[in-house]
Every structure is written in C-alpha cells, then in structure tokens.
Protein chains: 2
Amino acid sequence: MRADARANRDRLLVVAGDVITEQGADASMRDIARRAGVGLATLLRHFPTREALLEALLRTSFDELTARAAEVETASSPEDALKLWLRDFVARTTDYRGVVTSMMRAIEDPESALHNSCVTMRAAGTRLLNRAQAADVARADLDGADLFALASSLAWLGDQPGLEPRAEHLFEVVMSAILTNRAS
Amino acid sequence: MRADARANRDRLLVVAGDVITEQGADASMRDIARRAGVGLATLLRHFPTREALLEALLRTSFDELTARAAEVETASSPEDALKLWLRDFVARTTDYRGVVTSMMRAIEDPESALHNSCVTMRAAGTRLLNRAQAADVARADLDGADLFALASSLAWLGDQPGLEPRAEHLFEVVMSAILTNRAS
DNA sequence: ACCTGAACACCGTTCAAGT
DNA sequence: ACCTGAACACCGTTCAAGT
C-alpha cells in the first residue's frame with residue numbers, strides 16, 4: 001500500500017471510531033469521509049461496505065476478548081472467569097451503540113467481514129462456559145450459542161438510552177440464570 | 001373525517017401492516033404509500049412520522065396485552081399468569097421485526113405517540129409481577145421496568161434471524177431468572 | 001377538506017477522469 | 001496506484017397548486 005493511502009486508511013479508522021462512538025453504528029459514511037477530509041469514494045475504496053469498516057474497528061477488540069478468555073481461564077475460578085469475561089464482552093460491545101445487531105448478523109453470515117472474529121470469540125466464550133459446566137457451577141442445558149445470545153441481549157439492553165442505571169442489575173439477573181449457584 | 005380520507009387511512013394501515021411484516025419497522029414509507037396507491041404526502045398527512053404509523057399499528061395489540069394481563073390475573077396462578085403473559089408479550093412484539101427498539105425508545109420519550117400505550121401495558125405487567133412477588137414465586141429485587149427490559153430483550157433475540165430455534169429455550173432460561181422456583 | 005407532484009437535502013453506489 | 005467529483009437511484013420533509 002502506498003504511503004498516502006496508508007495514511008488515509010489510518011486516519012479514516014480514527015475518525016470512524018469517533019463518529020460511531022457519537023452517532024452509533026448507523027452513522028453516515030459521507031459524514032465520516034467528510035470529517036476525515038477525504039472524498040466519500042476514498043472511504044468506500046478502503047472499506048467497501050459499512051460492515052467492512054465495522055470489522056476493522058472491532059477486530060482488535062474481539063481479538064482482545066478472545067485473548068482475555070484464555071487469561072481468565074487460568075487466573076480465576078470457573079465461575080468468576082465466566083462472570084468477568086461476560087462483563088468484558090458487554091462493556092466492549094456497548095462501546096459502539098448499535099454494533100451488537102451487526103455482530104448478530106455477522107455471526108450468521110459466513111460472507112460477512114466480521115464473521116471470523118465473531119466465531120473465534122464465541123468459541124472462546126464457549127470454552128469458559130464448558131469449564132463452568134464441568135465444575136457444576138453453570139446450567140448444563142446451555143451451549144455457546146445460547147451464551148452468546150444472552151450476552152448479546154445484555155449488550156442490546158445496554159444500548160437502550162434509559163437503561164444504563166439498571167444495566168448492572170439486569171446483568172446480575174441474567175447471570176444468575178446462567179450460573180447454578182449451588183453453593184452459598 | 002371525510003369518507004375518502006377515512007378509506008385512505010384504513011387502506012394505508014392494512015398495507016403498512018403487510019409491508020412492515022415483510023420488511024421490518026424500518027420499511028420505506030414511500031414504498032408503503034406506493035403499494036397503497038396513494039401519494040407519499042398523503043401517507044405523511046395521516047401519519048406524520050414513522051412512530052405515528054407504528055403507534056396506530058401497535059395500539060390495538062398493546063391494548064389487548066393490557067386486557068390479557070387482567071384475564072390471566074384472575075384465571076391463573078401467580079406464576080403461570082406471569083409466564084403466559086410474558087410469552088404473549090414476546091410473541092406480539094416479534095410480529096413486526098425491529099419494533100421492540102421503537103417501543104424501548106417510546107417508553108422513554110413522553111412525546112412519542114407510542115408512549116401511553118407502552119406505559120399502560122408496562123403497568124399491567126408490573127401488577128402481574130407484584131402478584132407473583134407477593135406469592136413468593138418471583139424475585140423480590142425486580143420492578144416493572146426490569147421486567148419490561150428483560151421481556152424486550154427476549155423480543156430482540158426473537159428478531160435476530162438465526163435465533164428462532166433457540167427462542168423458546170432462551171425464554172425459559174430468562175424466565176427461570178425471574179421466578180424463584182422455591183417449590184419443585 | 002383532502003390529495004398530489006415537485007423541489008429539497010440527505011443517503012450509499014458507481015465510474016470516468018485526473019494526478 | 002490512488003483519489004475525486006459527478007451522476008445515479010434512493011430516502012423523508014415540505015409546500016404550493018389542484019380538486
């Protein structure tokens with residue numbers, strides 16, 4: 001890639017992060033290009049679809065989540081590991097409003113640019129779930145896709161304007177459905 | 001209202017119901033007008049915003065849900081009543097894809113045309129929750145807004161394309177978090 | 001009263017023309 | 001190679017003109 005193209009790409013990613021943080025995942029592509037001081041066609045050349053742009057923005061975050069799953073797996077009890085990781089999942093997914101819907105779409109669509117990052121991250125979560133199930137602290141009738149769906153629904157709740165104050169409480173309610181809480 | 005205007009309005013509602021069933025809550029207003037054989041300005045004249053159109057479509061359904069709450073309250077045990085009603089809530093809200101997000105927005109915004117129907121319906125659900133709590137079969141640390149949020153998140157899950165097969169299972173998982181299940 | 005076409009400012013897509 | 005302006009087909013909003 002030519003140096004000026006690389007510079008444009010980097011700049012676009014930074015600006016896109018800002019704009020999407022402000023306006024959500026359905027922000028205007030034209031607006032992003034405008035604020036990057038670049039033609040719309042240039043943005044579309046680097047990221048041919050909105051999905052591709054989101055993919056570039058989220059790949060790092062999702063890869064970090066995958067790595068984080070490995071960390072908590074060795075550092076924490078099965079129950080705490082699952083809790084910590086899900087909290088992280090929700091926090092990161094709520095960073096950009098509306099992005100959880102794109103993620104749901106992407107994990108169902110193998111053609112999506114986001115597909116692989118999503119699948120890998122879900123697999124990491126599944127390992128934490130299975131570990132908790134083996135330790136008898138999580139419901140046995142859940143699989144990785146169920147966990148992913150429940151976590152996503154919590155992220156969706158976090159995206160809803162009036163719900164921030166209850167987000168933590170709702171997290172714990174759903175969490176209590178995932179865990180079996182046999183002790184205590 | 002003049003007879004021709006009334007006819008247009010009725011016709012628009014029917015067509016809007018069809019189109020939104022097919023395409024979801026963000027269907028093109030122009031398309032709805034087109035399929036109703038009417039100018040776009042005529043649609044906007046009867047329903048000045050998309051919210052207003054959704055309001056007209058959903059008011060009946062929400063009012064029925066409010067009435068249904070009163071029915072199950074007298075006909076069923078506190079636990080069954082809550083279960084039955086929440087299932088109904090999710091089923092109706094999933095009828096038009098994407099509508100649950102509009103509903104969430106509407107209940108936070110007193111200016112919204114949907115606001116009153118939503119608030120009334122939520123209050124009906126709150127009564128069922130309180131009754132279940134009094135009978136000690138539902139978690140005491142939930143209020144009506146929590147219940148509404150959890151039910152909405154289930155409706156959101158039901159809207160996601162790949163999740164229909166797990167919808168019922170996820171409903172039961174979240175339901176188990178709401179109920180205390182002290183017996184059995 | 002009610003309806004409508006047209007003008008408007010937006011959107012994302014595409015591509016010929018420029019450097 | 002890479003960028004860009006312009007044309008395109010869409011969107012919802014608004015309003016003067018028609019019946």
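Note that these values count all heavy atoms, side chains included, but never hydrogens, waters or copies made by symmetry. Chain letters run A, B, ... following the sequence lines, proteins first and then strands; every chain starts at 1.
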Problem - Pairwise 5' ranking along DNA chain D for Arg2(B) and Arg50(B), keeping only the more 5' one - result: Arg50(B)
Practice task
Toss me the dot-bracket line for DNA chain D: Watson-Crick and G-U wobble, both under 3.5 Å, 5' to 3', using | for pairs to another strand and [ ] for crossers.
Solution key: ||.|||||...|||||.||
Exercise for the section: Tell me what Ala41(A) touches on the nucleic acid: a base, only sugar-phosphate, or nothing, going by heavy atoms under 4.0 Å. Expected result: base
Fill in the blank from the handout: Outermost contacting nts on DNA chain D, any atom under 4.0 Å from chain B heavy atoms, listed 5' then 3', are dC11(D) to dC15(D)
Exercise for the section: Specify the closest pair of heavy atoms between Ala52(A) and Ala113(A), including all atoms of both residues, with the distance to one decimal. Expected result: CA-CB, 4.2 Å
Completion exercise
What one should report as the nearest heavy-atom pair of Ala155(B) and Val100(B) is CB-CG2, 3.9 Å
Problem - Residue mapping more 5' on DNA chain C - nearest nucleotide basis, Pro48(A) or His46(B) - result: His46(B)
Handout entry: Gln133(A) side-chain N/O to Arg139(A) backbone N/O, donor-acceptor pair under 3.5 Å
Key = yes
Handout entry: Those residues that, when tested against Phe148(A), pass ring pair (Phe, Tyr, Trp, His ring centres under 6.0 Å) (two or more places apart)
Key = Phe89(A)
Handout entry: Full working for side-chain contact (heavy atoms from CB on, under 4.5 Å) between Ile20(A) and Arg97(A)
Key = CA-CA 8 Å; Ile20(A) 290 179; Arg97(A) 184 165 35 86; over 6 Å; no
Handout entry: Audit row: Asp26(B), Arg50(B), salt bridge (charged side-chain N to carboxylate O under 4.0 Å, His left out) steps and yes/no
Key = CA-CA 8 Å; Asp26(B) 54 352; Arg50(B) 163 175 267 107; over 6 Å; no
Exercise for the section: Tell me, with the steps shown, if Arg11(B) and Val38(B) meet side-chain contact (heavy atoms from CB on, under 4.5 Å). Expected result: CA-CA 10 Å; Arg11(B) 176 168 183 62; Val38(B) 124; 6.0 Å; no
Practice task
Indicate, with a heavy-atom threshold strictly under 4.0 Å, whether Ser28(B) touches base, sugar-phosphate, or nothing.
Solution key: sugar-phosphate
Practice task
Would you confirm whether Thr66(B), through its side chain, and Phe62(B), through its main-chain N or O, come within 3.5 Å as a donor-acceptor pair?
Solution key: yes
Exercise for the section: Identify whether any heavy atom of Arg45(B) sits under 4.0 Å from a base atom; if not, whether one sits that close to sugar-phosphate; answer base, sugar-phosphate or nothing. Expected result: base
